[in-house]
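Scroll down for the structure; my scribbles are underneath it.
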Amino acid sequence: MDALLAWYDEERRELPWRVAPGKRANPYRVWLSEIMLQQTTVKAVIPYYQRFLHRWPTVKALAAAPLDDVLAAWAGLGYYSRARNLHKCAIAVVEQFGGKFPSTVAELQKLPGIGPYTANAIAAIAFGEAATPVDGNVERVVARLFSVRQPLPTAKTELKRLAATLTPDRRAGDFAQAMMDLGAGICTPRRPSCLVCPVQSDCAAAAHGMAETLPMKLGKAERPNRVGFAFVALSEDGRVLLRRRPEAGLLGGMLEVPGPAWGDELPPRKDALRSAPVRGDWWEVPGTVVHVFTHFRLEVIVFRALVPADASLTFWAEPDRCQWVARRDLHAAALPSVMRKIIAHALSEN
DNA sequence: AAATCGTGGCT
DNA sequence: TAGCCAAGATT
């Protein structure tokens, strides 16, 4: 596998959290990037990473920030429990380790939001430990190198074991990143570029011309549809009514446009309007907002009303969780993408 | 241990 | 277009 490190030295992608080959990166930056990169593309992460690092240059700074500031800065990146755990973890590192990240896989994995992959990634990349982070890229590369026919997710344990046999004692961090670069750019899910692969001569799948068929995967359950209503209340002084979601669960801790709970079937408009958060002249905005989550598809019907600045909220709006946010401040609010879509739809001139 | 948890880009 | 996919963790 020396060819892989040689390839990495030549072709390595420049990324904001990376340092020169052979060097150890700043643990805080590695951790921050790895949390953001969980199930998220490099392209989506880069601007968020830059903003976070600029605003909170150290773990201590992040630990001292209000949670809502962190959630607002994370808005749009998805999987919001990551943001809550990020904040929790920063506090734990400051309180338990004086602001210095621990260096072993075992200690790292005890921290909130750090699982097997991330613990190994930080240990290898930031501390030079001979650890083996196994993500989707590595699973794919290893399945092909060893021609593992067992399907995912069953094969995960075996793929981890095989991956660990490849990790060198020196430059484990570079090796891990090389495997991920290989998976991202050469050993891709579809149409892998075996002809220019630095480890083609070591690859069992390539030898049989079947790289693209591996790894095998079990079928996924289909996505159910859910439907709901959302009430965009605009106050006469230019504010929008928003509500804080519960800490746990979908979009936990984020802000939302008030409305009844989403369901499997659409209730009559008449019933929906009874659950409006404010008394008002509610108008149904033409069209719907469709948003696809990981495990269901949501279709939302949006109502809009212009209400007095001192309008009182109804009991079922859960007034304690509600707040009026000026339209000019929405960009900096802890609003997930689906809620931004709903607000944009309500404000579109139709 | 199977379900839950976002979003945007690509084919 | 509709599915697939991305540097997974938590319960």
Side-chain angles (χ1 to χ4, degrees), chain A residues 12-13 15-18 25 29-49 71 74-86 88-89 108-126 131-141 152-154 156-157 159-160 163 173 175-185 187-191 212 215 217-226 245-254 256 289-298 334-341:
Chain A
R12 129 185 181 289
R13 303 169 72 181
L15 297 171
W17 46 86
R18 281 192 174 169
R29 299 182 185 196
V30 173
W31 164 71
L32 180 60
S33 67
E34 291 297 346
I35 299 297
M36 289 183 166
L37 286 162
Q38 290 167 2
Q39 295 291 285
T40 309
T41 56
V42 167
K43 184 182 183 217
V45 163
I46 288 177
Y48 283 86
Y49 174 82
L71 291 176
W74 196 277
L77 199 52
Y79 286 139
Y80 297 98
S81 66
R82 290 185 298 171
R84 285 176 273 130
N85 282 332
L86 186 84
K88 255 192 221 168
C89 183
L108 285 163
Q109 207 175 323
K110 289 179 192 164
L111 293 164
I114 299 183
Y117 163 78
T118 306
N120 279 276
I122 298 172
I125 298 170
T132 309
V134 179
D135 70 338
N137 287 310
V138 177
E139 285 180 348
R140 183 172 58 256
V141 170
L152 287 170
T154 318
K156 280 178 181 288
T157 308
L159 292 173
K160 273 190 186 180
F175 183 81
Q177 295 178 87
M179 289 284 277
M180 293 188 273
D181 276 15
L182 189 72
C187 196
T188 49
R190 280 167 299 184
R191 303 187 54 110
E212 188 166 11
K217 292 191 175 183
L218 267 35
K220 298 169 184 173
E222 62 179 273
R223 255 195 272 270
N225 292 319
R226 289 195 201 169
R245 291 178 62 89
E247 294 304 309
L250 187 75
L251 309 177
M254 302 293 285
E256 67 175 352
V289 172
V290 174
H291 190 79
V292 181
F293 293 97
T294 304
H295 54 296
F296 66 95
R297 172 187 176 278
L298 176 68
L335 274 172
S337 294
V338 60
M339 297 302 160
R340 291 178 189 273
K341 278 190 199 175

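The sequence lines fix the lettering, A, B, ..., with proteins before strands; numbering per chain opens at 1. Computed from heavy atoms alone, side chains included, the values below leave out hydrogens, waters and symmetry copies.
- To the nearest angstrom, C1' of dG6(B) lies 12 Å from CZ of Arg245(A).
- The side chain of Tyr80(A) sits closest to dT7(B) out of dC5(B), dT7(B), dA9(C).
- No engagement by Pro133(A) is indicated, since no non-hydrogen atom pair under 4.0 Å with the nucleic acid exists.
- No contact: Gly252(A) has no heavy atom under 4.0 Å from any strand.
- Residue contacts shown for Arg18(A) include a base, since a base heavy atom lies under 4.0 Å away.
- Minimum atom distance to the side chain of Thr118(A) is reached by dG8(C), of the listed dG8(C), dG6(B), dT7(B).
- Regarding Arg297(A), its CZ atom lies at a distance of 15 Å from the P atom of dT7(B), rounded to whole Å.
- The side chain to side chain contact (heavy atoms under 4.5 Å, CB included) search around Arg223(A) returns Val292(A), not counting sequence neighbours.
- As judged by a 4.0 angstrom heavy-atom cut-off over every strand, Ser337(A) is placed among residues touching the sugar-phosphate backbone only.
- Take Tyr48(A) and apply the ring pair (Phe, Tyr, Trp, His ring centres under 6.0 Å) test, not counting sequence neighbours, and it matches no residue.
- Here dC5(C) presents its C1' atom at 15 Å from CG of Leu37(A), a figure rounded to the nearest Å.
- Within the 4.0 Å cut-off from OP1 or OP2 of dA6(C), not a single side-chain nitrogen or oxygen of Tyr79(A) is found.
- Nearest-nucleotide positions on DNA chain B place Arg82(A) closer to the 5' end than the other of Arg190(A) and Arg82(A).
- Side-chain N/O atoms of Thr40(A) include none lying less than 4.0 angstrom from OP1 or OP2 on dG6(B).
- Among the nucleotides dG8(C), dC4(C), dT4(B), the one closest to the side chain of Arg223(A) is dC4(C).
- At the heavy-atom level, Ile114(A) lies under 4.0 Å from the strands shown only through sugar-phosphate atoms.
- Looking at the side chain of Pro189(A), the nearest of the listed nucleotides dA9(C), dT7(B), dC5(C) is dC5(C).
- Nearest to the side-chain atoms of His295(A) among the listed nucleotides dT4(B), dT7(B), dC5(C) stands dT4(B).
- As judged by a 4.0 angstrom heavy-atom cut-off over every strand, Leu15(A) is placed among the base-contacting residues.
- With P as the reference atom, dG6(B) and dT11(C) are 14 Å apart, rounded to whole Å.
- What separates OH of Tyr117(A) from C1' of dT10(C) is a distance of 18 Å, to the nearest Å.
- Heavy-atom distances to DNA chain C give each of Gln109(A) and Val42(A) a nearest nucleotide, and the one nearer the 5′ end belongs to Val42(A).
- Thr188(A) contributes no side-chain N or O that, together with a main-chain N or O of Gly185(A), makes up a donor-acceptor pair within less than 3.5 Å.
- At dG8(C), one or more side-chain N or O atoms of Gln39(A) fall inside 4.0 Å of OP1 or OP2 (strictly under the cut-off).
- Atom NZ in Lys220(A) sits roughly 6 Å away from atom P in dC4(C) (whole-Å rounding).
- In terms of position along DNA chain C, the nucleotide closest to Lys217(A) lies nearer the 5' end than the nucleotide closest to the other residue of the pair Lys217(A) and Gly115(A).
- Among the nucleotides dC5(C), dG6(B), dG8(C), the one closest to the side chain of Asp135(A) is dG8(C).
- Residue Gly249(A) is classed as a sugar-phosphate contact, given heavy-atom separations below 4.0 Å to backbone atoms only.
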Decide yes or no on side chain to side chain contact (heavy atoms under 4.5 Å, CB included) for Glu34(A) and Trp17(A), but give the supporting numbers first. CA-CA 9 Å; Glu34(A) 291 297 346; Trp17(A) 46 86; 5.7 Å; no

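- The nearest whole Å value for the distance from the CE atom in Met254(A) to the C1' atom in dC5(B) is 13 Å.
- Summarising the geometry, the separation between CZ on Arg340(A) and P on dT7(B) is reported as 10 Å, rounded to the nearest angstrom.
- Phe293(A) has its ring centre no less than 6.0 Å from the ring centre of His295(A).
- Within 4.0 Å (heavy atoms only), Trp74(A) reaches no atom of the nucleic acid at all.
- Phosphate contact (OP1/OP2 of dT10(C), side-chain N/O of Arg84(A), threshold under 4.0 Å): absent.
- Phosphate contact (OP1/OP2 of dG6(B), side-chain N/O of His291(A), threshold under 4.0 Å): absent.
- For the 3.5 Å distance criterion, the side chains of Gln177(A) and Arg18(A) qualify, holding a donor opposite an acceptor.
- For Arg29(A), the CZ atom sits in a loose shell: 12 or fewer heavy atoms of surrounding residues, nucleotides or ligands are nearer than 6.0 Å.
- Residue Val45(A) is out of contact with every strand shown, counting any heavy-atom pair closer than 4.0 Å.
- Rounded to whole Å, the distance from CG on Leu86(A) to C1' on dA9(C) is 13 Å.
- In terms of phosphate contacts, Lys43(A) brings no side-chain nitrogen or oxygen within less than 4.0 Å of OP1 or OP2 of dT7(B).
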